[in-house]
Amino acid sequence: MSMSSGGEVMERKLTILMRALLAVALVAITLVLTYEFWRAGNGKSSLDVQEIRFAGVYQPEGGSGWAVWTPEISLDNARYPIVVLRGHFDKPIPENRKIYFYICHIGMELHQNGIKIGSLGTPLDLPPGTRTAGNGWFSLTSPGISTTDEITIILSCRSRSDMPGLYDYLLNEIHVGDAPQLFLKYFPTEGVLVMLGAVIVLLAAGLGAIWVILHLMKVPLKRAPLHLALFTLSQGLWMMLFSGIVTLLIPYPIELSLIHSIVFALNDLLLLRYLLDFLCGRSRLFLLAFICVGILLTVPGALLQATGVLDGFETVLFFSPPYLLGIIVAAVCLTVQMARCEIKRDWSFLAVVYILLFCRIVDVLNPFFPIDPDGFVYLTGIIIFICRQFAVSVNDVRKCFLQAAHAQEMEKQLLQSKISIMLSQIQPHFLYNSLTAIRQLCDIDPQKAKQAVTLFARYLRGNTESLTTAHCIPFEKELEHVKSYLALEQIRFEDELQVEYNIQAHGFLLPSLSLQPLVENAVRHGVSKKAGGGKVTIRTTETGDAFMVTVCDDGVGFDPDRMPQSRHMPVGIENVRSRLWSMCGGTLAVRGIPGAGVSAVITLPKEGAAS
């Protein structure tokens, strides 16, 4: 396998994962929309939604008289905290039908012929610590309303926002029907933003999931992609909740408005945390101070929310100025450090930061100077920033992934090279000793030497593959190597070399040529040096978590305490110990007793030696 093949495989897996996440996102959105469209249709050929118009007169609280109201007249909620309207609906509303009102940070009471039939967004309708109902569709159940009934609508605005047209939103958006039908009606105009937000949320979740998975795989990654994923996730949720159409799918408008406010406040904080990853030195500490101040501001903000002094929407206005100042500081610090080459120069990144900053300034000024009442400018800036940075972050994660794969492949090749080097030391050593034994037989017994050459040739032909392999092989195959070697040595030593096999465990793996050097050591340095010869025993056993291979002899032995410090184990023994550890996590223990022989024990964990 080439050096880059492992990285290419991992890259393909990463690409497949990204495509799978995108496919899941699209399938999930398609299924949700299909279900909603089916539920909205429910076998009907047309939308069962009626738009209701109100006609009558109005009077602000404390006013001197009534004035005719028409849809062309705008009622200023900033000027009139309470407005009362009296008149009629242009269509009858059957009993038990749902009447939907679009409420944006105001309250409403509905009376029929002087009798209150419901209220929405008033202090009595809100949970503790909430001043307004937020932004979304609310419904009341009709008791049965005719076109001759006198309808009284009392509108109240408790929000401190100067956003205009809040009363007009309600009066011009009154419908009778079902929520799925109403959702289907407004989806062509408002559903695009919800869809876009859902896709962004799923992509951000995918990026975050990939970062976490690679982090668990010990791939060295910067934290910037994770922080971008969190920021993108927050922005996606904000886009989904920006339009009140979501409250037709999830009928909890007050709770969704609170979540929308929290998410909007988190947007700037997560953006500052993301920009912090690109700064260094004092600039980083300076921006970090702004982030800490922003976090500390959540305490008084939460207290003001809990006591009902501010609602979620007004709390956002409370947080926006310091966060905006932090974004300005971050942009200036990035500019200065790039100009001084203190950080990597990336002018396109700096450009999208300033685009986002400009759009954020417009959005902060919007409640006071309605430059962009629909939020299109801020939305455009967010999309540009997210698209650019998301593409860069995905590419950065991919590079880190491939670098880690390449590094892992290099480590494997380095380990393989070490193993090959050790094998190259063992094989000539074994061949040299075998040929030396045959040479000695030529002088002692030519006939036996001839038999030994035939046996050695047969051994080489049958075991060439095992001699050159750097992978673990079955124990039975390694035992055949040893038996061939011992057959050669028994030709030479005759009765002076006895061999005993006590094989109790089978079916495990070990590195090739790991047993033969131990047997060779027992013959050459143990039995052959003992007067009258001796015996070599090969034994295998099995414990609960390991296989054990023992090679022992009753030769001259050695005393490890009296060995000089400069003397080491033969190179073959040391290589066996190294290969056992690197290839299967095994160990080798050699113990010697003077006059009693040597015992070498190989311990192979079952995790690494299972066949």
Side-chain angles (χ1 to χ4, degrees), residues 54 56-87 101-110 119-126 129-138 152-174 241-244 247 253-254 256-258 260-261 264-265 301 304-305 307-324 359-379:
F54 176 83
V57 295
Y58 74 95
Q59 176 179 303
E61 184 182 36
S64 58
W66 296 88
V68 177
W69 180 85
T70 62
E72 290 76 21
I73 296 176
S74 178
L75 299 178
D76 189 355
N77 51 274
R79 182 179 178 185
Y80 305 126
I82 298 179
V83 174
V84 180
L85 299 99
R86 289 180 181 173
F101 301 87
Y102 189 80
I103 290 181
C104 184
H105 304 288
I106 62 173
M108 181 205 73
E109 290 185 11
L110 186 64
S119 61
L120 300 170
T122 65
L124 297 177
D125 305 312
L126 301 176
T130 305
R131 285 177 55 85
T132 69
N135 177 35
W137 288 94
F138 292 73
T152 302
I153 302 176
I154 303 175
L155 302 178
S156 59
C157 181
R158 303 178 69 223
S159 174
R160 293 181 175 85
S161 170
D162 292 332
M163 182 180 295
L166 302 184
Y167 293 156
D168 302 334
Y169 289 153
L170 184 143
L171 295 173
N172 293 320
E173 297 292 348
I174 303 175
L241 300 176
F242 182 80
S243 173
T247 59
I254 297 177
L256 289 177
S257 293
L258 288 175
H260 184 222
S261 301
F264 190 73
L304 293 174
Q305 171 76 46
T307 56
V309 177
L310 297 176
D311 71 347
F313 179 73
E314 294 167 344
T315 305
V316 170
L317 300 179
F318 178 78
F319 285 124
S320 291
Y323 281 148
L324 178 60
C359 297
R360 188 70 182 93
I361 292 174
V362 172
D363 189 67
V364 170
L365 296 178
N366 211 38
F368 312 100
F369 307 98
I371 305 172
D372 181 37
D374 296 328
F376 178 77
V377 173
Y378 178 63
L379 181 62

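In what follows, residues are counted from 1 in the order of the sequence shown. These figures come from a predicted structure and were not determined experimentally.
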Asker: Apply side chain to side chain contact (heavy atoms under 4.5 Å, CB included) to residues Ile154 and Ile82 and explain how you reach the verdict.
Answerer: CA-CA 7 Å; Ile154 303 175; Ile82 298 179; 4.1 Å; yes
Asker: Can you confirm whether the side chains of Asp76 and Tyr167 place a donor and an acceptor under 3.5 Å from each other?
Answerer: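 The criterion, which ignores hydrogens and geometry beyond distance, is not satisfied for Tyr167 and Asp76.
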Asker: Within the structure provided, determine whether Phe138 and Ile254 are in side-chain contact (heavy-atom separation under 4.5 Å).
Answerer: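 A side-chain contact exists here, since the closest heavy-atom pair is under 4.5 Å.
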Asker: Is there side-chain contact between His105 and Asn135, with heavy atoms separated by less than 4.5 Å?
Answerer: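 Yes. Closest side-chain heavy atoms under 4.5 Å.
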Asker: Which class fits the ring pair Trp69 and Phe54: parallel under 30°, tilted 30 to 60°, perpendicular over 60°?
Answerer: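 Correct class here is tilted.
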Asker: Distance from Glu109 atom CD to Ser156 atom OG, nearest 0.5 Å?
Answerer: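 So the gap between those two atoms works out to 7.0 Å.
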Asker: Measure the CG-OG1 distance between Leu120 and Thr122 for me, rounded to the nearest 0.5 Å.
Answerer: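 Atom-to-atom, Leu120:CG and Thr122:OG1 are 8.0 Å apart.
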Asker: For Pro71 and Asn172, work out which heavy atoms get closest and say how close.
Answerer: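 So the minimum-distance heavy-atom pair works out to CB-OD1, 3.9 Å.
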Asker: Once rounded to the nearest 0.5 Å, what's the spacing between atom CH2 of Trp137 and atom CG of Leu256?
Answerer: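 Rounded to the nearest 0.5 Å, the CH2-CG separation comes to 15.0 Å.
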Asker: Would you mind reporting whether Thr152 and Val84 have side-chain heavy atoms less than 4.5 Å apart?
Answerer: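 They are in contact (side-chain heavy atoms under 4.5 Å apart), so the answer is yes.
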Asker: Test side chain to side chain contact (heavy atoms under 4.5 Å, CB included) on Ile73 and Tyr58; report intermediate values, then the result.
Answerer: CA-CA 10 Å; Ile73 296 176; Tyr58 74 95; 4.3 Å; yes
Asker: Applying side-chain contact (heavy atoms from CB on, under 4.5 Å), name anything that partners Ser74, two or more places apart in sequence or on another chain.
Answerer: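 With sequence neighbours excluded, Ser74 shows a side-chain contact (heavy atoms from CB on, under 4.5 Å) to Asp168, given in chain and number order.
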Asker: Is it the case that the side chain of Asn77 and the backbone of Leu166 share a donor-acceptor pair, with hydrogens and angles ignored and the cut-off at 3.5 Å?
Answerer: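 Pair found, side chain donor or acceptor close to backbone of Leu166.
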Asker: State, to 0.1 Å, how close Tyr169 and Cys104 come at their nearest heavy-atom pair, and which atoms those are.
Answerer: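 For Tyr169 versus Cys104, the nearest heavy atoms are CD1-CB, 3.9 Å.
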Asker: Is it possible for you to check whether Arg360 lies under 6.0 Å from the centre of the six-membered ring of Tyr378, through NZ or CZ, and within 45° of that ring's axis?
Answerer: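 Judged by the rule (NZ or CZ under 6.0 Å from the ring centre, within 45° of its axis), Arg360 counts as positioned above Tyr378.
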Asker: Could you grab the distance from atom CD1 of Ile106 to atom CG of Leu170, nearest 0.5 Å is fine?
Answerer: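 Reported value, rounded in 0.5 Å steps: 4.5 Å.
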Asker: Determine whether Leu110 and Met108 make a side-chain contact, defined as any pair of heavy atoms from C-beta on separated by less than 4.5 Å.
Answerer: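 Yes - at least one pair of side-chain heavy atoms lies under 4.5 Å apart.
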